[in-house]
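Read through the structure below, which is laid out as structure tokens, and then see the notes.
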Amino acid sequence: MNPYLPVLVVLVFGIVLGAILSALSFFMGPKRWTKEKYDPYECGVPMVTSAAERMSVKFYLTAILFILFDIETVFLYLWAVSFHQLGWFGVVEVSVFMIILVTGYVYVLRRRALDWD
Amino acid sequence: MEQLTAQLNEVLGMFGLALWNDAFVQVVATVLKFAVLAVALLQIPPVMVWLERRAPALMQRRRGPNRVGVSLGPIKLRLYGLTQSFADAVKLIFKEEVVPEGAHKAFYHIAPIFGVFPAFLIACAIPYGPPIDVFGYTIPLSIISVDVGFLFIFAISSLAVYGVTLAGYASNNKYSLLGSLRASAQMISYEIPLGLSLIPIVLIYGTLDLNKIVMGQENFWHWGIFTAPVSFVIFFVCMFAETNRAPFDLAEAESELVAGFHTEFNSAKFAAFFLSEYVAMFVLSALCATVFFGGWQNPFISNAALASFVVGILNAPLASFGIALGAASVTNIAALIGIGVLALKAGFFMWMYVWVRWTVPRFRYDQLMDLGWKFMLPLGLANVVGTAFVLAALKF
């Protein structure tokens with residue numbers, strides 16, 4: 001049997017389960033409309049400004065750096081699986097890869113891209 | 001009946017299945033196992049909520065919940081408030097669903113689903129015990145046993161970030177948006193050290209398959225905690241950060257951000273987020289137990305040996321009824337022991353979540369990010385290189 005068949009089965013069941021769980025009170029709960037109830041929460045006062053405010057660019061930067069470093073991690077997994085076949089060759093290759101990676105990391109660090117203040 | 005069987009076989013044939021061939025049994029088993037697991041996982045949040053009320057009360061020398069129980073006619077069971085949280089869960093279902101004005105409708109409805117299904121999907125990838133033997137069919141106790149285990153887990157766990165991000169974006173609420181930004185930045189930041197911390201494990205056991213990693217930890221001194229202690233430290237810290245739990249619960253720092261990304265979620269949708277949070281906690285606890293603490297294996301004695309010992313004890317009184325437990329029941333009892341052992345180990349880490357929450361104060365956001373990017377990431381990289389060199393020196 002294809003080992004990915006259960007993945008498909010479970011994926012479908014998982015999404016259905018999530019959908020049912022989050023839709024339950026739409027069918028079970030009461031529905032009474034009052035204007036105030038549907039206001040976004042603002043500690044009890046009318047909304048002061050819109051939620052769509054400007055946000056720190058730091059979050060974007062973090063996301064971009066995440067993608068870079070996460071892909072490096074995935075590369076390392078490929079090497080880790082074949083570590084025993086590759087032997088010292090693999091270790092040296094990964095060390096070179098690490099040096100390049102750490103150089104990039106130090107650059108990011110020096111440019112204060114990871115500082116939150 | 002025969003005609004029906006023939007028609008069924010024809011339909012199943014399209015998927016390469018036939019009635020009661022091996023693949024068909026496995027698919028049926030998958031559905032049944034998922035049903036059992038889902039029901040079991042649904043019990044986690046109420047019990048954990050109770051634990052999180054009861055445990056701090058005991059730590060702070062308060063009484064905490066000590067009344068609510070079950071009363072069935074004359075029988076009154078005082079369960080120290082345990083059933084209150086089950087009642088809360090039912091209450092949430094019967095609440096009105098309030099979608100705030102100006103919310104992005106589609107995203108608002110999708111977000112809880114994205115919260116729930118990744119957590120359940122990862123729970124399916126964990127091996128809960130050795131394979132069981134049912135009517136001659138060997139059925140593994142992990143629902144998804146793919147040979148890329150770890151990669152699958154990382155791929156799916158990254159999806160959980162979408163739930164958080166969409167929830168905050170869709171709510172049209174400042175607190176939700178800030179909370180979700182913080183939470184998603186934190187989750188993705190700690191995913192890197194989390195990924196790095198498991199590479200030494202792959203190096204040592206030479207596989208990505210969780211089943212094989214558990215099998216590699218048969219000897220007590222080969223447990224991940226002894227072979228890769230630094231990995232365990234990194235993983236343990238990341239466990240808390242990934243689930244947005246104290247001391248890293250900045251995403252829903254109550255004093256600043258109300259309830260974080262799920263401020264605007266109520267009724268069953270709130271329950272869904274709640275569920276996903278606790279299931280994610282359980283999944284990481286179980287993963288930690290599996291990778292670093294031998295999974296479903298006992299220390300010092302193998303499950304099979306323990307099971308045959310148990311069967312030996314049971315067979316003596318059963319013999320008078322003319323029943324003899326055979327090899328199949330040894331396998332199945334070994335599996336049961338395995339489930340129990342893993343539940344104990346995972347339960348310990350669930351307890352750690354509560355323990356740490358009431359012991360360590362909350363981090364500041366810059367401290368949190370510094371810890372992730374400036375300490376955990378270099379430590380993780382150094383750990384990988386260090387382990388590789390030591391292993392290579394020992395092996396080649």
Side-chain angles (χ1 to χ4, degrees), chain A residues 1-7 9-11 13-15 17-19 21-26 28-32 37-43 49-53 55 58-59 62-63 65-66 69-70 73-74 76-77 80-81 83-84 87-88 91 94-95 98 101-102 105 109 114-117, chain B residues 22-23 26-27 30-31 34 38 93-98 100-102 112-113 116-117 120-121 124 143-146 150-151 171-174 177 181 185 188-189 191-192 195-196 199 202-203 206 208 258 263-264 267-269 271-272 275 365-366 369 373-374 377 381 384-385 388-389 392 396:
Chain A
M1 186 190 63
N2 189 336
Y4 289 90
L5 193 60
V7 179
V9 173
V10 165
L11 184 69
F13 273 85
I15 291 175
L17 181 78
L21 279 177
S22 58
L24 263 179
S25 54
F26 178 78
M28 306 288 224
K31 291 179 190 65
R32 290 184 208 97
K37 189 158 66 187
Y38 290 84
D39 276 348
Y41 181 79
E42 183 93 12
C43 307
T49 49
S50 157
E53 276 195 66
M55 58 185 94
K58 286 282 178 197
F59 291 109
T62 308
L65 290 175
F66 159 71
F69 281 98
D70 207 39
T73 313
V74 174
L76 287 177
Y77 268 96
V81 181
F83 173 74
H84 294 275
W88 274 113
V91 176
V94 161
S95 305
M98 281 288 189
L101 178 63
V102 169
Y105 175 72
L109 211 61
L114 295 172
D115 287 0
W116 291 73
D117 40 20
Chain B
D22 207 38
Q26 295 296 344
V27 171
T30 303
V31 175
F34 181 75
I93 291 168
F94 288 99
K95 284 281 180 184
E96 182 180 358
E97 188 178 280
V98 178
E101 222 163 66
I113 302 174
V116 170
F117 90 80
F120 275 82
L121 223 57
C124 292
I143 300 172
I144 298 169
S145 41
V146 287
F150 274 151
L151 285 182
S171 294
N172 186 30
N173 180 323
K174 289 186 216 82
L177 189 64
L181 277 174
I188 60 176
S189 295
E191 222 169 275
I192 304 165
L196 285 174
I199 290 175
V202 179
L203 289 176
L208 286 168
V258 195
T263 303
E264 290 295 350
S267 64
K269 287 199 163 56
L275 173 73
Y365 200 71
D366 60 323
M369 290 312 237
W373 284 98
K374 293 184 184 164
L377 179 60
L381 289 174
V384 169
V385 177
F389 271 97
F396 310 132

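Convention: sequence-line order gives letters A, B, ...; per-chain numbering from 1. Values reported hereafter were calculated over all heavy atoms of this structure, with side chains retained and with hydrogens, waters and symmetry mates removed. The shown structure was predicted, so the numbers you read here are calculated from the model rather than taken from an experiment.
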4.5 Å side-chain heavy-atom contact, B:Asn172 and B:Glu264: no
Quick check: are there more than 12 heavy atoms from other residues, nucleotides or ligands sitting under 6.0 Å from OH of A:Tyr105? yes
A:Phe26 ring centre to A:Lys31 NZ or CZ under 6.0 Å, with the angle to the axis within 45°? yes
Is chain A contacted by the side chain of B:Glu101, its backbone, both, or neither, given a heavy-atom distance below 4.5 Å? both
Electrostatic pair A:Asp115-B:Lys374, nearest N-O below 4.0 angstrom: yes
Heavy-atom cut-off 4.5 Å, strictly under: side chain, backbone, both or neither for A:Leu24 against chain B? both
Mind checking salt bridge (charged side-chain N to carboxylate O under 4.0 Å, His left out) for B:Lys174 and listing every partner two or more places apart, or none if nothing turns up? A:Glu42
Please classify the contact between A:Ser95 and chain B as side chain, backbone, both or neither, with a heavy-atom cut-off of under 4.5 Å. side chain
Structural part of B:Phe94 lying under 4.5 Å from a heavy atom of chain A: both
Which bit of B:Ile199 is near chain A, if near means a heavy-atom gap under 4.5 Å: side chain, backbone, both or neither? both
According to side-chain hydrogen bond (donor to acceptor under 3.5 Å, both in side chains), who are the partners of B:Thr263, at least two apart in sequence or on a separate chain? none
With a 4.5 Å cut-off on heavy-atom pairs, point out which of B:Leu275, B:Leu377, B:Val385 contacts chain A the most. B:Leu377
Please identify, among A:Asp70, A:Val74, A:Val10, the residue contributing the most non-hydrogen atom pairs under 4.5 Å to chain B. A:Val10
If you count every heavy atom of other residues, nucleotides or ligands that lies below 6.0 Å from B:Lys95 atom NZ, does the total exceed 12? no
Region of A:Phe59 in contact with chain B, defined by heavy-atom distances below 4.5 Å: side chain
Largest heavy-atom contact set with chain A, pairs under 4.5 Å, which of B:Leu203, B:Asp366, B:Val116: B:Leu203
Region of B:Ala268 that comes under 4.5 Å of a non-hydrogen atom in chain A: both
Selection from B:Trp373, B:Phe120, B:Phe117, B:Phe150 maximising heavy-atom pairs under 4.5 Å formed with chain A: B:Trp373
Of B:Thr30, B:Ile143, B:Ile144, which meets side chain to side chain contact (heavy atoms under 4.5 Å, CB included) against A:Val9? B:Thr30
Go through the atoms of B:Ile188 and report whether side chain, backbone, both or neither lie under 4.5 Å from a heavy atom of chain A. both
Residue B:Tyr365 versus chain A: region with a heavy atom under 4.5 Å: side chain
Heavy-atom contact with chain B under 4.5 Å, split by part of A:Leu11: both
Beyond-backbone contact of B:Gln26 with A:Pro6, side-chain heavy atoms, under 4.5 angstrom: no
Under 4.5 Å from any heavy atom of chain A, what part of B:Lys269 do you find: side chain, backbone, both or neither? both
Structural part of B:Ala185 lying under 4.5 Å from a heavy atom of chain A: both
B:Glu96 side chain to A:Arg32 backbone, donor-acceptor under 3.5 Å: yes
